[in-house]
2 protein chains.
Amino acid sequence: MTSHDSTFLVRKLDSIFSISEGEETALRKLPVQVAEIRGRQDIVGAGERPSRCFFIKDGIACSYKITGTGDREILNFHVPGDMPDLQSLHLDVLDFSICTITPCVIGFIQHDALNRLCERHPRITSAFWRETLIDASVFRGWIVNARREAYSAMAHLLCELVVRLRAVGLADASSCELRITQSELSDALGISTVHANRVLQELRAAGLIALKERTLSVLDWKGLTSAGDFDPTYLHLRDGSPAR
Amino acid sequence: MTSHDSTFLVRKLDSIFSISEGEETALRKLPVQVAEIRGRQDIVGAGERPSRCFFIKDGIACSYKITGTGDREILNFHVPGDMPDLQSLHLDVLDFSICTITPCVIGFIQHDALNRLCERHPRITSAFWRETLIDASVFRGWIVNARREAYSAMAHLLCELVVRLRAVGLADASSCELRITQSELSDALGISTVHANRVLQELRAAGLIALKERTLSVLDWKGLTSAGDFDPTYLHLRDGSPAR
DNA sequence: CGTACGCTTGACTCGTGTCAAAGCCAGTGG
DNA sequence: CCACTGGCTTTGACACGAGTCAAGCGTACG
């Protein structure tokens, strides 16, 4: 089903710079193909040459690679508003895969529509470019995080998730719905699920978080950021305000 | 000293797409400020708000972050032709630092000159954007590499360095000058220098590499790529041809 | 009501860090 | 020309974080 529902995109870009009337009109004219996708389902796979990009309207997704040993390495989580494969606009072959974690609502946009949009609206080009640069910055954050020990790395990851969910209005001051399994968290940190479990228990025992019934509550934000050595600069958020 | 020596940029972009006459003229008009910088010297630091970008004309540099525990985490190495902080064109505050490893020759270009260039030449915008997307892809490669065990990760890193140096003509079929210390390699892999040393010896003992007098020789390319689970797709090279 | 998936726990193994010391090499200055 | 110095590499002994294997438990859903 094709519609023109790019309200999400408009809102997203409007949070980056103030959109002109002409730009908003052009954005709303974009043909968007909306699809609902079950949980744990590939959206695009490594090696493909996509002819379209997509943005997440609802749900949580992740980028991942499979190594030679068959392990899944999660490279990033994606929250509503993200455009995880925007890079395919200029890199023809995808070097990683993207799959849903929870059931998702996805909006697809053809490359040529985006390219035409960019040709006519340089400020939109800049905004999209900026999006991909922030992705790169998050990857840098994850490289560093991969070298922390597991307790600290887990704290850092949880901080990032809360801040990013808050940025799109999906977390309140201290808690959010987190439908990510321990096995997925462990794939994101490069540790075993057994160890992920132990580390989460340590974080609970330290009184930093509570995690039950798919809800993460941060009981001690200061303590959690300090345990995770978390500095939100790398997320390049607009207002720079992390969760409290 | 300001000159117009952007031959390097022209060559680089020409390897990505065929440059028109108008584009080449515009590139050659770019004011470039050339500087020689000693080894182990910061070029730009985290937290700065650069008003210019730079490209490396000669030498090896690296991007890094300092963690809360004071460790230096190297995020990427940079070879001649690279523009390590191109992102500062759209992200105002730098979230990492860039320093030289060997003595370097650097060409600085003001942001406003680059912005004017991009406004007039959309294809050059795309080429620059593409550069930053490849950086992001390399970061993804490093996230995965951080999860390999040290022996494999070191093999992977050496493969990447050889391939990237070959791509700019700084390595022949099987060997290259590698003026990177074991301590720098260990910071790039997130392991101790002691362990980096042991792992290099294992690679030598396995007959995969020779490393002496600042020269890396790959004795068994197939064996090295297999040890490192190396697939050059993520480097998004033009001809796709890795070292043999 | 059963079955599957996710979470939890314990015991043992192994990769890697840390500490400490020694060797090596190149550049510097007497 | 040679001794001195500092940075880089190498080696050994020991400690610890994290993986693996294996089993049990809880709970959501068909």
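All chains are named by letter (A, B, ...) in the order of the sequence lines, taking the proteins before the strands, and each is independently numbered beginning at 1.
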**Request:** Please indicate whether Arg204(B) has more than 12 foreign heavy atoms, meaning atoms of other residues, nucleotides or ligands, lying under 6.0 Å from its CZ.
**Result:** yes

**Fill in**
Lys212(A) NZ to dA28(D) P, in whole Å, measures 14 Å

**Message:** Any side-chain to backbone donor/acceptor pair from Ser217(A) onto Ser175(A)? Under 3.5 Å, distance only.
**Reply:** no

**Prompt:** Can you tell me how far C1' of dG6(C) sits from CG of Leu211(A), to the nearest Å?
**Reply:** 12 Å

**Prompt:** Within this structure, what is the CD1-to-C1' distance between Ile101(A) and dC5(C), rounded to whole angstrom?
**Reply:** 16 Å

**Message:** Tell me whether the count of non-hydrogen atoms from other residues, nucleotides or ligands lying under 6.0 Å of CD in Glu36(A) goes above 12.
**Reply:** no

**Item:** Pair Asp95(B) + Arg140(A): basic N to acidic O under 4.0 Å
**Value:** yes

**Nearest-Å distance for atom pair CE/P, residues Met154(B) and dT9(D)** = 10 Å

**Asked** Does any N or O in the side chain of Asp82(B) come within less than 3.5 Å of the main-chain N or O of Pro84(B), such that one atom is a donor and the other an acceptor?
**Response** no

**Message:** In whole Å, I'd like the distance from the CD atom of Gln182(B) to the C1' atom of dT11(D).
**Reply:** 13 Å

**Protein-nucleotide distance (Arg179(B), atom CZ; dC8(D), atom P), rounded to Å** = 12 Å

**Request:** Give the nucleotide from the list dG15(C), dG6(C), dC8(D) with an atom nearest to the side chain of Arg40(B).
**Result:** dC8(D)

**Prompt:** Strictly by modelled atom types, are His78(B) and Ser63(B) linked by a side-chain donor-acceptor pair under 3.5 Å?
**Reply:** yes

**Prompt:** Which part of the nucleic acid does Arg204(B) contact within heavy-atom distance under 4.0 Å: base, sugar-phosphate only, or nothing?
**Reply:** sugar-phosphate

**Prompt:** Quick one, which residues of residues 187-203 of chain B touch DNA chain C with a heavy atom under 4.0 Å?
**Reply:** Gly190(B), Ile191(B), Ser192(B), Val194(B), His195(B), Arg198(B)

**Item:** Phosphate-side-chain proximity, Arg147(B) and dA18(D), N/O vs OP1/OP2 below 4.0 Å
**Value:** no

**Item:** Touch class at under 4.0 angstrom, heavy-atom based, for Arg148(A) against every strand present
**Value:** nothing

**Request:** Please state how far atom OH in Tyr151(A) lies from atom P in dC16(D), giving the value in whole angstrom units.
**Result:** 19 Å

**Prompt:** Between the main-chain N or O of Ile60(A) and the side-chain N or O of Thr102(A), is there a donor-acceptor pair closer than 3.5 Å?
**Reply:** yes

**Request:** Starting at atom CZ of Arg214(A), determine the distance to atom P of dC5(C), rounded to an integer number of angstrom.
**Result:** 15 Å

